[in-house]
Amino acid sequence: MKILVTGGAGFIGSHTCLEMLQEGYEITVVDNLCNSKEEALIRVQAITGKPLTFHKVDLLDRQALEQVFASDSFDAVIHFAGLKAPGESVSIPLRYYQNNITGTINLLEVMAHYGVKSLVFSSSCTVYGEAKTVPIREDFPLGAINPYGRTKLMIEQILADLYTSDNSWDIALLRYFNPVGAHPSGRIGEDPQGIPNNLLPYVAQVAVGRLPELHVFGNDYPTPDGTCIRDYVHVVDLALGHLRALEKLQTHPGLVAYNLGTNRGHSVMEVIAAFEKACGHAIPHRVVERRPGDAAVSYADASKANRELGWRSEKSMDDICADMWRWQKNNPYGYS
Ligand code: NAD
Ligand code: UFG
């Protein structure tokens with residue numbers, strides 16, 4: 001099968017390309033490299049010993065995208081490309097709407113034109129907004145609390161409208177919880193630009209001495225140790241979820257949504273302790289004010305993905321920290 005992967009040079013995309021090459025898929029990546037490096041794809045090919053095709057293309061460049069479809073034929077598309085920082089999206093909302101929504105509409109129009117109607121879309125648990133209870137199921141009410149989240153929700157709605165208008169589409173919405181970790185080879189991993197927003201990349205950069213200390217955002221939440229609880233899912237498990245979703249699309253399920261998470265949460269303090277175990281030394285940290293907008297507890301009910309895709313997360317928090325530490329230690333400055 002030939003798969004077009006948008007945003008395939010990014011964190012989750014590169015790990016998914018690796019697993020797909022290993023399972024025998026043929027891959028073409030389009031990415032404008034606005035938040036990634038081509039080096040990730042070079043390493044994916046080195047690790048697997050298999051080639052992929054890369055086009056440096058922006059989804060906003062409709063003509064360039066058309067050329068990719070005109071020059072090849074694809075069985076399905078996995079759509080990772082997008083801007084993803086909730087905080088940044090509050091400062092530059094129009095850029096988020098333009099990039100994520102217009103980019104997706106361009107992609108869908110070109111796909112429809114070339115008769116490619118099988119899509120896996122990178123959604124997020126952010127579409128549940130502030131869920132009232134946990135674990136979070138796919139049938140919970142939807143609602144976003146920042147422009148980034150609204151782009152994800154709007155794209156889900158656009159895809160639902162598209163499917164209503166033409167039910168020959170097959171679309172899997174994958175709602176990721178907190179993707180973390182790195183490939184066990186230590187050769188590809190997350191390479192955030194600037195200061196990381198997310199907990200684990202921050203912890204990893206403190207562990208390697210690139211940042212002085214971690215700020216723990218609040219320890220007065222109603223949780224056992226007072227720090228927030230999240231559902232951290234290893235990126236290799238997440239990558240495999242995309243392969244299972246592609247297989248599901250072969251059965252013509254229509255429009256389907258799945259949570260990809262681990263069914264359990266870890267607190268910030270538990271994450272720090274697990275990383276200290278992995279790297280063998282203390283992670284300097286200090287409790288500061290809460291970060292606005294953080295929910296106390298969020299974790300998935302991922303049983304639907306288990307039932308319908310045969311997928312479940314296999315890797316533990318210890319695996320996550322060991323793999324992230326290997327990546328960070330071997331590549332203290334990421335791909336640069
Ligand atoms: P990433 O930034 O590492 O990867 C996204 C890729 O898309 C990058 O390589 C970037 O260069 C590319 N891109 C962005 N806009 C583009 C455009 N207009 N044209 C072409 N390429 C473009 O992010 P990631 O963590 O790998 O996330 C992948 C997807 O998963 C995103 O859609 C993100 O919103 C979603 N997601 C991520 C998380 C997370 O915490 N990492 C959680 C939930 C959902
Ligand atoms: N945290 C810290 N210090 C840091 C960074 C994070 O204490 O330096 C804490 C946060 O307060 C939170 C936890 O670590 O309690 C996890 O924070 P992340 O930023 O890693 O993850 P979030 O759950 O806040 O955000 C994730 C995705 C977003 C998505 C959101 C949806 O990164 O893209 O889930 O809820 F929008």
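We use all heavy atoms of the structure for the numbers below, so side chains are in, but hydrogens, waters and symmetry mates are not. Note that ligands are numbered from 1 as they come in the structure, with each ligand's atoms numbered from 1 the same way.
If you look at S123 next to ligand 1, the close heavy atoms, those under 4.0 Å, all belong to the backbone. For N32, heavy-atom contacts with ligand 1 shorter than 4.0 Å involve the backbone as well as the side chain. With a 4.0 Å heavy-atom cut-off, ligand 1 is reached by the backbone of L33 but not by any atom from C-beta on.
Here the closest heavy-atom approach between residue F74 and residue V68 is recorded as CE1-O, 3.8 Å. The minimum heavy-atom distance linking Y176 with S122 is given by the pair OH-OG, 2.7 Å.
Between E190 and K84, at least one side-chain N (NZ, or NE/NH1/NH2) sits under 4.0 Å from a carboxylate O, which counts as a salt bridge. Taking a cutoff of 4.0 Å between a charged side-chain nitrogen and a carboxylate oxygen, K152 and E156 do not qualify as a salt bridge.
Between Y148 and E88, the side chains place no donor N or O within less than 3.5 Å of an acceptor N or O (distance only, hydrogens not considered). T227 and D225 are linked by a side-chain donor-acceptor pair at a separation below 3.5 angstrom, with hydrogens and angles left out of the test. Y232 and T262 are not linked by any side-chain donor-acceptor pair at a separation below 3.5 angstrom, with hydrogens and angles left out of the test. Judged purely by distance below 3.5 Å, without hydrogens or angles, the side chains of N198 and R230 never pair a donor atom with an acceptor atom. Residues N259 and Y128 bring a donor and an acceptor atom of their side chains to less than 3.5 Å of each other. D161 and T164 share no donor-acceptor pair across their side chains, judged by distance under 3.5 Å alone.
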Show the short N or O contacts, below 3.5 Å, that ligand 2 makes with protein N or O atoms; if there are none, say 'none'.
unit_1	atom_1	unit_2	atom_2	d
ligand 2	3 (N)	H215	O	2.7
ligand 2	7 (O)	H215	O	3.4
ligand 2	7 (O)	F217	N	2.9
ligand 2	11 (O)	D294	OD2	2.5
ligand 2	17 (O)	R291	NH2	3.3
ligand 2	19 (O)	N198	ND2	3.0
ligand 2	19 (O)	R291	NH1	3.4
ligand 2	19 (O)	R291	NH2	2.9
ligand 2	20 (O)	N198	ND2	3.4
ligand 2	20 (O)	L199	N	2.8
ligand 2	21 (O)	N178	ND2	3.1
ligand 2	23 (O)	N178	ND2	3.0
ligand 2	23 (O)	R230	NE	2.7
ligand 2	24 (O)	R291	NH2	2.8
ligand 2	32 (O)	N198	ND2	2.8

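Distances below 4.0 Å separate heavy atoms of S122 from the following atoms of ligand 1: 29 (C), 30 (O), 32 (O), 35 (C).
Polar contact check, V30 against ligand 1: no nitrogen or oxygen pair lies under 3.5 Å apart. Between Y148 and ligand 1, an N or O atom pair is found at a separation short of 3.5 Å. For F177, no nitrogen or oxygen atom sits less than 3.5 Å from a nitrogen or oxygen atom of ligand 1, counting backbone and side chain alike. No N or O atom of L60 sits closer than 3.5 Å to an N or O atom of ligand 1. By the 3.5 Å distance cut-off applied to N or O atoms, K152 is counted among the residues near ligand 1. Any N or O atom pair closer than 3.5 Å counts here, and P179 shares no such pair with ligand 1. The N/O atoms of A9, backbone and side chain alike, include none that comes under 3.5 Å of an N/O atom in ligand 1. Taking any N or O of G10, backbone or side chain, at least one lies under 3.5 Å from an N or O belonging to ligand 1.
Judged as a side chain to side chain donor-acceptor pair (under 3.5 Å), and not counting sequence neighbours, the contacts of S168 are K117, D166.
Shown are L108, I101, N106, T102; of these, the side-chain contact (heavy atoms from CB on, under 4.5 Å) with T104 is made only by L108.
For atom 10 (C) of ligand 1, the closest non-hydrogen atom of the protein is D31 OD1, 3.4 Å. From the protein, the heavy atom lying nearest to atom 30 (O) of ligand 1 is Y176 CE1, 3.3 Å. Shortest contact from atom 37 (C) of ligand 1 to any protein heavy atom: I12 CD1, 3.8 Å. For atom 25 (O) of ligand 1, the nearest protein heavy atom (residue, atom name, distance) is K84 NZ, 2.8 Å.
The shortest heavy-atom distance from E190 to ligand 1 is not under 4.0 Å.
Using a 4.5 Å cut-off between side-chain heavy atoms of Ile, Leu, Val, Met, Phe, Trp and Tyr, with links allowed through other members, V127 and V134 fall into the same hydrophobic cluster.
More than 12 heavy atoms of other shown residues, nucleotides or ligands fall within 6.0 angstrom of atom CZ in R62.
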